[in-house]
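Start at 1 and go down the list; that is how both ligands and their atoms are numbered.
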Amino acid sequence: MPDPLAAAPAGAPPGPRPVPRLVLASASPARLASLRAAGVDPDVVVSGVDEDALGAPDPGSLALVLARAKARAVAERVPGALVLGCDSVLDLDGAALGKPYEPEEARRRWRAMRGREGVLRTGHCLLRDGVEHAAVSSTTVRFADVDEAEVEAYVATGEPLAVAGAFTLDGLGGWFVEGVDGDPHGVVGVSLPLLRRLLAAHGVRVADLWAAQPYARPDC
Ligand SMILES: Nc1nc2c(ncn2[C@@H]2O[C@H](COP(=O)(O)OP(=O)(O)OP(=O)(O)O)[C@@H](O)[C@H]2O)c(=O)[nH]1
């Protein structure tokens, strides 16, 4: 059986090559939506990792530790697959802010974030048969100077409670983000250019994933 990841013979035209099964080790609907919109339809196996049980000295390291833990927890169940684990935290003055869960915590976060900048750090770990390639994306986010009425209205929607950093870029929170510096996908949950580099480290081209997943032109 030829190795599906063997380099194409020299001079061979770039054509689709068989690729390993891609598994997203995440319950995040946003990560799955980003990958699907980018032409990739992974299987989803939620890791169930207890994020509170792990720590790290800084937000970027924490995102990486958690991404690795999620990928490793799932890889045991899907031998041979390419497993992607991710974790996102907002780095605000060096503090790693995950999901607020509670309305009062979301309010407190927004009162600390408004009119300022934070860095959304997303750890990525791509693991196959014990070989890991991992990295963190860092995207600076500039928050609008929202007033109390806006904070209350946004918290009341419930959206900020279940997302890292208590905001979304692509949802209601978009009204309150003045701009980003870096990859916007890394804020939503998976950095596509970073994942492209991790796939290449595993010998997989993005175009091969597209080939495995016929492109469905959106009705726009
Ligand atoms: N749609 C959207 N979701 C965001 C944004 N920022 C953070 N999130 C989500 O916030 C969640 C961060 O929590 P994580 O622990 O990384 O992931 P999770 O949703 O708990 O899922 P697991 O990977 O199974 O742990 C993810 O689902 C991210 O997709 C954003 O700008 N837009």
Side-chain angles (χ1 to χ4, degrees), residues 22-38 40 42-56 59-78 83-92 95-102 105-106 109-110 113 117-127 134-144 146 154-155 157-192 194-195 198:
L22 181 63
V23 173
L24 176 62
S26 176
S28 169
R31 289 194 178 107
L32 182 57
S34 289
L35 290 170
R36 282 180 170 164
V40 175
D43 294 330
V44 173
V45 179
V46 178
S47 72
V49 164
D50 176 6
E51 302 189 26
D52 295 331
L54 297 170
S61 302
L62 179 62
L64 206 50
V65 161
L66 289 170
R68 280 201 168 102
K70 295 175 189 178
R72 289 170 182 172
V74 169
E76 297 167 0
R77 297 177 241 169
V78 285
V83 180
L84 173 64
C86 292
D87 190 79
S88 299
V89 294
L90 177 67
D91 179 345
L92 191 69
L97 305 179
K99 304 174 191 169
Y101 294 110
E102 297 300 326
E105 175 62 13
R109 299 266 189 93
W110 270 99
M113 287 154 40
E117 289 184 354
V119 182
L120 202 295
R121 304 198 191 271
T122 295
H124 303 66
C125 178
L126 195 59
L127 168 58
V136 181
S137 64
S138 294
T139 305
T140 300
V141 181
R142 292 187 301 280
F143 297 104
V146 294
Y154 186 39
V155 171
T157 69
E159 183 188 84
L161 306 187
V163 290
F167 78 99
T168 65
L169 189 58
D170 55 327
L172 299 175
W175 293 100
F176 310 128
V177 174
E178 293 287 356
V180 298
D181 181 8
D183 174 31
H185 281 100
V187 178
V188 177
V190 53
S191 169
L192 298 178
L194 187 154
L195 180 55
L198 297 181

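- For ligand 1, the 4.0 Å heavy-atom shell contains residues Ser26, Ala27, Ser28, Ala30, Arg31, Glu51, Lys70, Cys86, Asp87, Ser88, Lys99, Val163, Ala164, Phe167, Thr168, Leu169, Asp170, Val187, Val188.
- Taking 4.0 Å as the cut-off between side-chain N and carboxylate O, Arg109 and Glu105 count as a salt-bridged pair.
- The stretch residues 27-37 participates, sequence neighbours left out, in these salt bridge (charged side-chain N to carboxylate O under 4.0 Å, His left out) pairs: Arg36-Asp41.
- Between the side chains of Ser137 and Ser191, no donor N or O sits under 3.5 Å from an acceptor N or O.
- No side-chain heavy atom of Asp181 sits under 4.5 Å from any side-chain heavy atom of Thr139.
- Residues in residues 44-56 take part in these side-chain hydrogen bond (donor to acceptor under 3.5 Å, both in side chains) pairs, two or more places apart or across chains: Glu51-Lys70.
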Anything under 3.5 Å between a donor and an acceptor, one on a side chain of residues 159-175, the other on a protein residue two or more places apart or in another chain? List them.
{"from": "Glu159", "atom 1": "OE1", "to": "Tyr154", "atom 2": "OH", "distance (Å)": "2.4"}
{"from": "Glu159", "atom 1": "OE1", "to": "Thr168", "atom 2": "OG1", "distance (Å)": "2.8"}
{"from": "Glu159", "atom 1": "OE1", "to": "Leu172", "atom 2": "N", "distance (Å)": "3.4"}
{"from": "Glu159", "atom 1": "OE1", "to": "Gly173", "atom 2": "N", "distance (Å)": "3.1"}
{"from": "Glu159", "atom 1": "OE2", "to": "Leu172", "atom 2": "N", "distance (Å)": "3.0"}
{"from": "Thr168", "atom 1": "OG1", "to": "Gly171", "atom 2": "N", "distance (Å)": "3.1"}
{"from": "Thr168", "atom 1": "OG1", "to": "Gly173", "atom 2": "N", "distance (Å)": "3.2"}

